[in-house]
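Working notes, structure below.
None of these values were measured; they are calculated from a predicted model. Both backbone and side-chain heavy atoms feed into the values below; hydrogens, waters and symmetry mates do not.
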Amino acid sequence: MARDVEALDLPAWSRASGLSQGPQCRDAMAHLDSEVKEERLREDLRFYFMNPCEKFRARQQIPWKMGLQILKIVMVTTQLVRFGLSNQLVVTFKEENTAAFKHLFLKGYSGSDEDDYSCSVYTQEDTYDSIFFAINQFHRLRNLSLGTLGYGESEDNRIALKVCKQHYKKGTMFPSNETLNIDSDIEIDCIHLDLEALSKDPQDWKNSSFFRLEFYRLLQVDISFQLKGIDLQTIHSRELPDCYVFQNMIIFDNKAHSGKIKIYFNIDAKIEECKDLKISGSIQKNTQYVLVFDAFVIVICLASLILCTRSIVLALKLRKRFLKFFLEKYKRHVCNADQREFINQWYILVIISDLLTISGSVLKMEIKAKNLTNYNLCSILLGTSTLFVWVGVIRYLGYFQAYNVLILTMQASLPKVLRFCACAGMIYLGYTFCGWIVLGPYHNKFENLNTVAECLFSLVNGDDMYATFAHIQQKSHLVWLFSRLYLYSFISLFIYMILSLFIAIITDSYDTIKKYQQNGFPATDLQEFLKECSSKEKCQEESPAFLSSICCLRRNRSDDHLILIN
């Protein structure tokens, strides 16, 4: 500042006459103070838009955030892999028990489900045999099962098997005379068969009036029972075993009264805390090491969260200074695009990933300690956080000029792509509803809205076209002709027109970025302000060494192939 004061060209008579406190001097001092504030603001802005390496070279500021992010990538990925292996054991145990239960309790089960149900019966004798087979298998479970299974208590604290049947209240039916008299009210009757009752002569409970089914008014028969098991395979992974409660239900569905009863096997597996675990060896010590590692991940994410939040707060203060200065000097407001430059969206992504990682790590620690069993929620939290962490790596790749084209193209094309998808989505929904209502009864891929949407999306990508055309049932010539018109028009419209336009939007954005590389990017008010210098001599001295490293500056034609982003 002293140098600037000396350089100030005050009139000689003013200095000689001692009028240093006069109006001219006060105006000069005010002007000098304004220039100093402006230059400080400009330097702060330049420093803010530098990347971590440039900040280190400019002020020897250690890039703590970058170091933490690199460390966090390693830690979070390692944590996810370990939890994924543990979760895979859980899923495998559930799936294998489901397959085992179907073979144990479903008579004639082939090993693969028929559509969305497990198997089916077509005669009254087969229905009775399937019901009694499931009940007998439950009674003989301990002598049959290869797994670590035991009986569980039902809702009323009874070790029993519950059989319920749903049927119309009353009615008579004479199909030969086309006569029907049905009371549509539904009655539900249930019976509990405990192990003691099943140990007696089977004919005692088989011949009871409850099992005299009137199939013309029978709607459904439900057999529900509860089993408990212990997953011992986790011991091989040096983890504490999980205790499971399997709530099983076998459903005989006769609602259609079509001569075919569909048999569904539903299983709800819940993990509960084991009441008494006594395991010797190194498993307990390994569990403690994993909990310490998870705690360290939480500490790393908390540090990253604090640093990124601090950077956003400082950026908001810097933006407030710039907006106030710009309004005072140029008498106009800064555009929204320049205001958004101060909010680093990568920091927001990092904050979200940190919050998800902390929440998932806490939940994982509770699961590891066997206090909670919500594997699905923990998987979603850790999986999403790891996704965001790896997406954030793109920011650091952007420091290398060759990788910036991808990032800039994605940023430029995203608004146009979203608007285009909104318009194309209306057409897609129209085809979805049309296909469901017309082709649903004749094609298994059009049975519900979800499968229709998935089928059409696969057609857009050119998958499974022949099977979709071939599986249309030719029971109705009108529907068959409509299906051809429907499928041909959809494929032609989306593959040859909409998908091509979608690619053209991205290609156009890419061409625009390439032109900017050749001719220079349009300079905004913020960039023009950063290029200004308080004096020509200072500008000439600093520009080659300092301004060339600023990310947001407009470059000369010779440097157009170098693109940096914040």
Side-chain angles (χ1 to χ4, degrees), residues 91-147 149 151-152 154 160-168 186 188-191 193 198 202 205-206 210-227 229 244-269 440-448 450-451 467 471 473 475:
V91 175
T92 301
F93 186 75
K94 292 180 180 179
E95 291 179 350
E96 292 179 354
N97 272 276
T98 300
F101 291 160
K102 289 182 179 181
H103 282 88
L104 281 173
F105 298 106
L106 299 183
K107 184 178 182 179
Y109 181 67
S110 62
S112 59
D113 292 347
E114 302 178 15
D115 294 332
D116 59 336
Y117 52 92
S118 299
C119 54
S120 56
V121 292
Y122 298 89
T123 64
Q124 296 183 13
E125 182 180 359
D126 289 340
T127 303
Y128 283 117
D129 290 343
S130 298
I131 294 174
F132 297 150
F133 177 81
I135 297 175
N136 286 326
Q137 293 292 95
F138 175 79
H139 176 231
R140 301 169 53 221
L141 179 65
R142 292 178 177 174
N143 298 326
L144 294 175
S145 176
L146 298 175
L149 296 175
Y151 296 107
S154 59
L161 179 142
K162 182 180 178 182
V163 183
C164 296
K165 61 179 181 180
Q166 301 179 18
H167 51 81
Y168 294 119
I186 298 176
I188 300 178
D189 298 329
C190 296
I191 186 175
L193 298 174
L198 295 175
W205 53 268
K206 286 183 180 180
F210 179 84
F211 289 102
R212 296 173 186 173
L213 304 177
E214 296 178 345
F215 289 92
Y216 71 91
R217 64 189 186 101
L218 177 68
L219 295 175
Q220 184 172 301
V221 176
D222 299 334
I223 302 176
S224 58
F225 53 93
Q226 192 175 93
L227 300 176
Y244 288 79
V245 176
F246 300 100
Q247 186 63 46
N248 304 305
M249 177 174 288
I250 305 174
I251 302 174
F252 296 80
D253 187 1
N254 191 42
K255 294 177 181 177
H257 288 88
S258 60
K260 175 182 179 180
I261 295 182
K262 301 177 182 179
I263 303 177
Y264 298 87
F265 190 95
N266 297 332
I267 179 172
D268 183 17
Y442 303 95
H443 200 298
N444 57 355
K445 293 184 179 181
F446 292 84
E447 290 180 350
N448 54 65
N450 185 39
T451 56
H471 289 171
Q473 300 178 14
K475 295 181 179 180

Check your understanding: Taking the inter-plane angle between the rings of His443 and His471 on a 0 to 90° scale, is it parallel (under 30°), tilted (30 to 60°) or perpendicular (over 60°)?
Key -> tilted
**Study point:** Check: Leu218 main-chain N/O paired with Asn254 side-chain donor or acceptor under 3.5 Å
**Key:** yes
Review point. Atom NZ in Lys162, atom CG in Leu193: separation rounded to 0.5 Å?
Key: 12.0 Å
Check your understanding: Under 6.0 Å from the OH atom of Tyr168, do we count more than 12 heavy atoms belonging to anything else shown?
Key -> no
Review point. Can you name the residues that form a side-chain contact (heavy atoms from CB on, under 4.5 Å) with Tyr216, not counting sequence neighbours?
Key: Met173, Glu214
Check your understanding: Which atom pair, heavy atoms only, marks the closest approach of Met249 to Ser224?
Key -> CE-CB, 4.0 Å
Check your understanding: Say you draw a straight line from CZ of Phe132 to OG1 of Thr127; how long is it, rounded to the nearest 0.5 Å?
Key -> 10.5 Å
Point to revise | Inter-residue atom distance Ser130.OG - Ile223.CD1, 0.5 Å rounding | key: 9.0 Å
Practice item. Compare every heavy atom of Tyr117 with every heavy atom of Asp113, then report the nearest pair and how far apart it is. Key: CB-O, 3.3 Å
Study note, to complete from the structure: From the list Phe246, Phe225, Phe138, ring-ring contact (aromatic ring centres under 6.0 Å, His included) with Tyr151 holds only for Phe138
Exercise for review: Could you walk me through whether Gln124 and Leu213 pass side chain to side chain contact (heavy atoms under 4.5 Å, CB included), step by step?
Suggested key: CA-CA 9 Å; Gln124 296 183 13; Leu213 304 177; over 6 Å; no
Check your understanding: Is any side-chain heavy atom of His103 closer than 4.5 Å to a side-chain heavy atom of Leu106?
Key -> no
Practice item. For Gln220 and Ile251, work out which heavy atoms get closest and say how close. Key: CD-CG2, 3.5 Å
Practice item. Report yes or no: is the cationic atom of Lys94 (NZ for Lys, CZ for Arg) under 6.0 Å from the centre of the six-membered ring of Tyr244, at an angle within 45° of the ring normal? Key: no
**Study point:** side-chain contact (heavy atoms from CB on, under 4.5 Å), paired with Phe105, selected from Leu144, Asn136, Leu141
**Key:** Leu141
Practice item. Rounded to the nearest 0.5 Å, what's the gap from NZ on Lys102 to OH on Tyr109? Could you check? Key: 4.0 Å
**Study point:** From Lys107 atom NZ to Ile263 atom CD1, the distance as rounded to the nearest 0.5 Å
**Key:** 10.5 Å
Check your understanding: Which pair of non-hydrogen atoms, one from Phe210 and one from Ile191, has the smallest distance, and what is that distance?
Key -> CE2-CG2, 3.4 Å
Check your understanding: What residues form a side-chain contact (heavy atoms from CB on, under 4.5 Å) with Glu96, not counting sequence neighbours?
Key -> Thr92
Exercise for review: Report the C-alpha separation of Asn97 and Leu149 in whole Å, then their side-chain angles, then the decisive distance to 0.1 Å, and conclude whether the side chain to side chain contact (heavy atoms under 4.5 Å, CB included) test is met.
Suggested key: CA-CA 10 Å; Asn97 272 276; Leu149 296 175; 4.0 Å; yes
Review point. Which atom pair, heavy atoms only, marks the closest approach of Lys445 to Ala467?
Key: NZ-CB, 4.1 Å
Point to revise | Spacing of Ile188 atom CD1 and Gln166 atom CD [to the nearest 0.5 Å] | key: 4.5 Å
Check your understanding: How close do Ile131 and Phe211 get, heavy atom to heavy atom, and via which atoms?
Key -> CG2-CE2, 4.1 Å
